[in-house]
Colleague: 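Could you have a look at this structure, given as structure tokens, before my questions?
Residue numbers count from 1 along this sequence. Quick caveat: nothing in here was measured; it's all calculated off a predicted structure.
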Amino acid sequence: MLDTTYHVWKHEKSGDYLVRTTSYSLPKGLHEHVDVIQPTTMFAQFKGAKSTIFFPDDETETVENHDGQMKVSGSSAGGVDPSCNTTITITCLQQLYNAVGFKPTAQGNSIGITGYLEQFANLQDLQSFYADQRPDAVNSSFKFISVNGGLNDQNLSLAGAEANLDVQFAFGLSHPIPGTFYSTAGRPPFQPDANTPTNTNEPYTDWLDYVLTHPDVPLSISTSYGDDEQTVPRTFAVRACAGFAQLGARGVSLMFSSGDNGVGDGDTNPQTQQCFTNDGRNATRFIPLFPASVTSVGGTQHFPEVAVTRFFSGGGFSDYFPRPPYQQKVVNKYLSNLGANTYKGLFNRNGRGIPDVAAQGDFFRIFLSGVPRKIGGTSASAPTFAGIVALLNDVRLSNGKPPLGFLNPWLYSRAISGFNDVTVGNNGGCGTQGFSAAKGWDPITGLGTPNFGKLKDLL
């Protein structure tokens, strides 16, 4: 059928076996109907999670135990405990984003986390986290769904930092809204570049093929994974985004972390940066993150909030997807103030801007393999924002209205006044200081961080 012969290959160092071919073909009349054929000629080895987790320098040191009893200073609308500048807990997020005292009650609400690349969400760690920060959630759990043979091994030593962070904060912030954790196995088609030489991309379409055939999909879903856009074949990216759009039309809100490498590789040194195109030109260029079509979440820290500094909040402009109409006004304003010659030729001035919004992204207190740890990354920002969206859906459902679904048109119109603008920080990379935060939208923190109280009123 493919005019080819497959062989079994063995990797000399790892001993792994692969079924691959060195060439194949497809009848011309089928090209427009086929997006992907695999496995074929891709021999790259797989490795661990692409999502980036940052531990502080004192990562082996256990942090102070609040026992879920952080003192609230001031009113629920404005009081933020000073300790939130160094340790982020559920209570901190409730204070920072004006959600103190809100209790979800609506029937039919739900929230989900997607897991990839063999990241396991540990139930024992979740109970330790709840006992520490959310005592009313102790003994509650989440529904686990395996996609394409995905696992969720409960050996405490195999607990995943990414998976634990995601479920602990998304489900802790939104409790008692029912939670679901998906584990999807496999890898997608892949185009290596200097920054990602081996396949650490996520099989989004495998997950989409599964959930789109099921009637009950969580209404707010967070994914703390992303890939250099140029490592994703364009046809795969378009197909995945079409699937994301179908979920949005069904009332599902999708949040993706914007990445932790600024405008590309997080390296501000021109001599060591690795932002090169993989199209044969080897040209220096900012590297946007995929997916860019859903709601992208950047990272902040401290209070008042600024862009994260221990790593750089991912942001920039897509080379695959044009800027949507709902973004035009705010993004054009930013680019006008930036000037036509700033970073000329390094990014697509007509591309879809990333991120859309932001949330706290560093010094999150989680439990990992039985030990409390501090952790950071926009991997923390996405589940935080997804938790807020789940609370907003609760308001909608309680008033007999449908869930929010695809968020972006609302975020860039009526909801703009419900965000805390972040105007300090930058997101270096590719041998530059990257973009700078500014009043209004910017490609570091988007529209800013959510004020749940205001957004609730705007619904």
Colleague: Calculate, to the nearest 0.5 Å, the distance between atoms SG and CD1 belonging to Cys275 and Ile287 respectively.
Modeller: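 Between atom SG of Cys275 and atom CD1 of Ile287 there are 4.0 Å.
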Colleague: To the nearest 0.5 Å, what is the distance between CG on Leu447 and CG on Asn420?
Modeller: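 Answer for the CG-CG pair, Leu447 versus Asn420, is 11.5 Å.
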Colleague: Do Pro450 and Tyr97 have side-chain heavy atoms sitting under 4.5 Å apart?
Modeller: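 Of all side-chain heavy-atom pairs linking Tyr97 with Pro450, at least one is under 4.5 Å.
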Colleague: Hey, are Ser436 and Asn426 close enough side-chain-wise for a donor-acceptor pair under 3.5 Å?
Modeller: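 Ser436 and Asn426 do not have a side-chain donor-acceptor pair below 3.5 Å.
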Colleague: Which pair of heavy atoms, one from Ala163 and one from Phe181, lies closest together, and at what distance?
Modeller: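 Taking every non-hydrogen atom into account, CB-CZ, 4.1 Å.
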Colleague: Using modelled atom types and a 3.5 Å cut-off, is there a donor and acceptor pairing between side-chain atoms of Gln360 and backbone atoms of Phe303?
Modeller: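 Not at all, since once roles are kept as given, no pair shorter than 3.5 Å links the two residues.
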Colleague: Any idea which heavy atoms bring Ala382 and Ser257 closest together, and the distance?
Modeller: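 Closest approach of Ala382 to Ser257: CB-N, 3.7 Å.
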Colleague: Is there a donor-acceptor contact under 3.5 Å linking the side chains of Thr423 and Asp421?
Modeller: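 Short answer, no.
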Colleague: Tell me the closest heavy-atom pair linking Ala358 and Thr300, and the distance in Å.
Modeller: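 In terms of heavy atoms, the two residues are closest at CB-CG2, 3.9 Å.
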Colleague: Do we see a donor-acceptor contact under 3.5 Å between the side chains of Asn332 and Arg323?
Modeller: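 Yes, side-chain donor-acceptor contact under 3.5 Å.
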Colleague: Using 4.0 Å as the upper bound for N to carboxylate O, is an ion pair formed by Arg285 and Asp319?
Modeller: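 Looking at Arg285 together with Asp319, the answer is yes, because their closest N to O distance falls below 4.0 Å.
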Colleague: Which distance, rounded to the nearest 0.5 Å, do you find between the CZ of Phe385 and the OG of Ser253?
Modeller: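 Going from CZ on Phe385 over to OG on Ser253, the span is 9.0 Å.
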Colleague: Have a look at Ile88 and tell me which of Ile375, Leu93, Thr384, Asp362 forms a side chain to side chain contact (heavy atoms under 4.5 Å, CB included) with it.
Modeller: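 Of Ile375, Leu93, Thr384, Asp362, side chain to side chain contact (heavy atoms under 4.5 Å, CB included) with Ile88 is met by Leu93 alone.
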Colleague: Are Thr184 and Asp206 close enough that a side-chain donor and a side-chain acceptor fall under 3.5 Å?
Modeller: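 No donor-acceptor contact under 3.5 Å links the two side chains.
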Colleague: Hydrogens and angles aside, do Gln301 and Thr309 bring a side-chain donor and acceptor to less than 3.5 Å of each other?
Modeller: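 A donor-acceptor contact under 3.5 Å links the two side chains.
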Colleague: Which heavy atom of Pro104 sits nearest to which heavy atom of Leu391, and what is that distance?
Modeller: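 The pair with the smallest heavy-atom distance is CG-CD2, 3.5 Å.
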Colleague: Salt bridge (charged side-chain N to carboxylate O under 4.0 Å, His left out) between Asp209 and Arg239: does it pass, once the steps are laid out?
Modeller: CA-CA 11 Å; Asp209 289 344; Arg239 181 184 172 206; 3.4 Å; yes
Colleague: With the side chain counted from C-beta on, respond yes when Leu459 and Trp410 share a heavy-atom pair under 4.5 Å apart, and no when they do not.
Modeller: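 Sidechains of Trp410 and Leu459: in contact.
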Colleague: Side-chain donor-acceptor pair under 3.5 Å between Ser296 and Asp356, yes or no?
Modeller: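 No, because no side-chain N or O of Ser296 sits under 3.5 Å from a partner of the opposite role on Asp356.
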Colleague: Do Trp207 and Ile221 touch side chain to side chain, with heavy atoms closer than 4.5 Å?
Modeller: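 SC-SC contact between Trp207 and Ile221 confirmed.
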Colleague: Please determine whether ring pair (Phe, Tyr, Trp, His ring centres under 6.0 Å) holds for the pair Phe452 and Phe102, giving the CA-CA distance in whole Å, both sets of side-chain angles, and the decisive distance to 0.1 Å.
Modeller: CA-CA 10 Å; Phe452 172 74; Phe102 181 81; 4.9 Å; yes
Colleague: Would you please test Asn427 and Ser313 for side-chain hydrogen bond (donor to acceptor under 3.5 Å, both in side chains) and show each step?
Modeller: CA-CA 6 Å; Asn427 62 347; Ser313 178; 6.0 Å; no
Colleague: Between Thr268 (side chain) and Gly428 (backbone), is there a donor-acceptor pair under 3.5 Å?
Modeller: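 No; zero donor-acceptor contacts below 3.5 Å.
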Colleague: Consider only side-chain N and O atoms of Asp166 and Ser224, and report whether a donor and an acceptor are under 3.5 Å apart.
Modeller: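 Their side chains do contain a donor-acceptor pair, which is all the 3.5 Å distance test asks for.
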Colleague: Show the nearest heavy-atom pair for residues Tyr130 and Gly172, with the distance to one decimal.
Modeller: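 Minimum heavy-atom contact is CE2-CA, 3.9 Å.
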Colleague: Sub-3.5 Å donor-acceptor pair from the side chain of Glu229 to the main-chain atoms of Tyr320, do we have one?
Modeller: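 Such a contact is found between Glu229 side chain and Tyr320 backbone.
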Colleague: Checking Arg396 side chain against Pro402 main chain: does a donor-acceptor pair fall under 3.5 Å?
Modeller: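 At least one qualifying donor-acceptor pair exists.
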Colleague: Report yes or no: does Asp442 contribute a side-chain atom to a donor-acceptor pair with the main-chain N or O of Ile444 at less than 3.5 Å?
Modeller: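 Side chain of Asp442 to backbone of Ile444: a pair is present.
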Colleague: I need the minimum non-hydrogen distance between Gly179 and Phe171, along with the two atoms involved.
Modeller: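 The answer is CA-CE2, 3.7 Å.
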Colleague: So how far is it from Arg365 CZ to Ser83 OG, rounded to the nearest 0.5 Å?
Modeller: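 OG of Ser83 is found 10.5 Å from CZ of Arg365.
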Colleague: Taking Asn393 for its side chain and Ser220 for its backbone only, find out whether a donor-acceptor pair lies under 3.5 Å.
Modeller: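 Checked: no pair found.
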Colleague: Hey, is the main chain of Val100 close enough, under 3.5 Å, to the side chain of Gln95 for a donor-acceptor pair?
Modeller: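 Not confirmed, Gln95 side chain does not pair with Val100 backbone.
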Colleague: Can you tell me how far CZ of Phe317 sits from CD1 of Ile354, rounded to the nearest 0.5 angstrom?
Modeller: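 Ile354 CD1 to Phe317 CZ: 9.0 Å, rounded to 0.5 Å.
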Colleague: Looking at Tyr210, is its backbone amide N or carbonyl O close enough to the side chain of Thr213 to form a donor-acceptor pair, meaning the two atoms are under 3.5 Å apart?
Modeller: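 Yes; at least one donor-acceptor contact below 3.5 Å.
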Colleague: With distance as the sole criterion, is a donor-acceptor pair present between the side chains of Asp125 and Asn164 under 3.5 Å?
Modeller: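 Yes, because at least one side-chain N or O of Asp125 sits under 3.5 Å from a partner of the opposite role on Asn164.
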Colleague: Decide yes or no on side-chain contact (heavy atoms from CB on, under 4.5 Å) for Leu247 and Val217, but give the supporting numbers first.
Modeller: CA-CA 8 Å; Leu247 286 176; Val217 182; 4.2 Å; yes
Colleague: Would you say the ring centers of Tyr204 and Tyr116 fall short of 6.0 Å from each other?
Modeller: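 Centroid separation for Tyr204 and Tyr116: below 6.0 Å.
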Colleague: Roughly how far, to the nearest 0.5 Å, is the OG atom of Ser258 from the CG atom of Leu289?
Modeller: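 So the gap between those two atoms works out to 7.5 Å.
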Colleague: Pick out which of Phe367, Phe364, Phe169 makes a ring pair (Phe, Tyr, Trp, His ring centres under 6.0 Å) with Phe129.
Modeller: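 Going through Phe367, Phe364, Phe169 one by one, the ring pair (Phe, Tyr, Trp, His ring centres under 6.0 Å) with Phe129 is satisfied by Phe169 alone.
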Colleague: Please determine whether side-chain hydrogen bond (donor to acceptor under 3.5 Å, both in side chains) holds for the pair Thr295 and Asn408, giving the CA-CA distance in whole Å, both sets of side-chain angles, and the decisive distance to 0.1 Å.
Modeller: CA-CA 6 Å; Thr295 302; Asn408 294 359; 2.6 Å; yes
Colleague: Give me the ring orientation class for Phe435 and Tyr334: parallel if the planes are under 30° apart, tilted from 30 to 60°, perpendicular past 60°.
Modeller: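 Phe435 vs Tyr334 ring planes: perpendicular.
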Colleague: Measure from NZ or CZ of Arg310 to the centre of the six-membered ring of Phe363 and say whether it is under 6.0 Å with the direction within 45° of the ring axis.
Modeller: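 Geometry flag: set, cation within 6.0 Å and 45°.
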Colleague: Could you tell me if Thr223 and Thr114 have a donor-acceptor pair between their side chains, going purely by distance under 3.5 Å?
Modeller: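 Indeed, the side chains of Thr114 and Thr223 share at least one donor-acceptor pair under 3.5 Å.
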Colleague: For the residue pair Asn451 / Asn98, report whether a side-chain donor-acceptor contact shorter than 3.5 Å exists.
Modeller: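 The criterion, which ignores hydrogens and geometry beyond distance, is satisfied for Asn451 and Asn98.
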Colleague: Output yes when a side-chain donor or acceptor of Thr277 lies under 3.5 Å from a complementary backbone atom of Ala283, and no otherwise.
Modeller: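 Yes; judged by distance alone, with no hydrogens or angles, the pair exists.
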Colleague: Just by distance, with hydrogens left out, do Lys454 and Ser417 show a side-chain donor and acceptor under 3.5 Å apart?
Modeller: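 Absent: no donor and acceptor within the cut-off.
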Colleague: May I ask you to check whether Glu305 and Thr449 show a side-chain donor-acceptor distance below 3.5 Å?
Modeller: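 Present: a donor and an acceptor within the cut-off.
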Colleague: Step by step, work out the side-chain contact (heavy atoms from CB on, under 4.5 Å) result for Gln327 and Tyr412.
Modeller: CA-CA 7 Å; Gln327 267 199 329; Tyr412 285 89; 3.0 Å; yes
Colleague: Can you tell me if Arg414 has over 12 outside heavy atoms packed within less than 6.0 Å of its CZ?
Modeller: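 No, because the 6.0 Å sphere around CZ of Arg414 holds 12 heavy atoms or fewer from other groups.
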Colleague: Could you tell me if the side chain of Leu254 sits less than 4.5 Å from the side chain of Leu407, heavy atoms only?
Modeller: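 The answer is no, as the side chains (C-beta and beyond) never meet within the 4.5 Å cut-off.
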Colleague: Given Gln168, which of Asn122, Ile113, Ile90, Leu126 fulfils the side chain to side chain contact (heavy atoms under 4.5 Å, CB included) condition?
Modeller: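 Only match with Gln168 under side chain to side chain contact (heavy atoms under 4.5 Å, CB included): Leu126.
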Colleague: May I have the step-by-step check of side-chain contact (heavy atoms from CB on, under 4.5 Å) for Val297 and Phe256, ending in yes or no?
Modeller: CA-CA 6 Å; Val297 187; Phe256 280 73; over 6 Å; no
Colleague: Are Arg250 and Asp216 ion-paired here, with the side-chain N under 4.0 Å from a carboxylate O?
Modeller: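 Between Asp216 and Arg250 there is no salt bridge, as every charged N stays at least 4.0 Å from the carboxylate O atoms.
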Colleague: Got a donor-acceptor contact below 3.5 angstrom from the Thr378 side chain to the Ser381 backbone?
Modeller: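 Checking the backbone N and O of Ser381 against the side chain of Thr378, no donor-acceptor pair under 3.5 Å is found.
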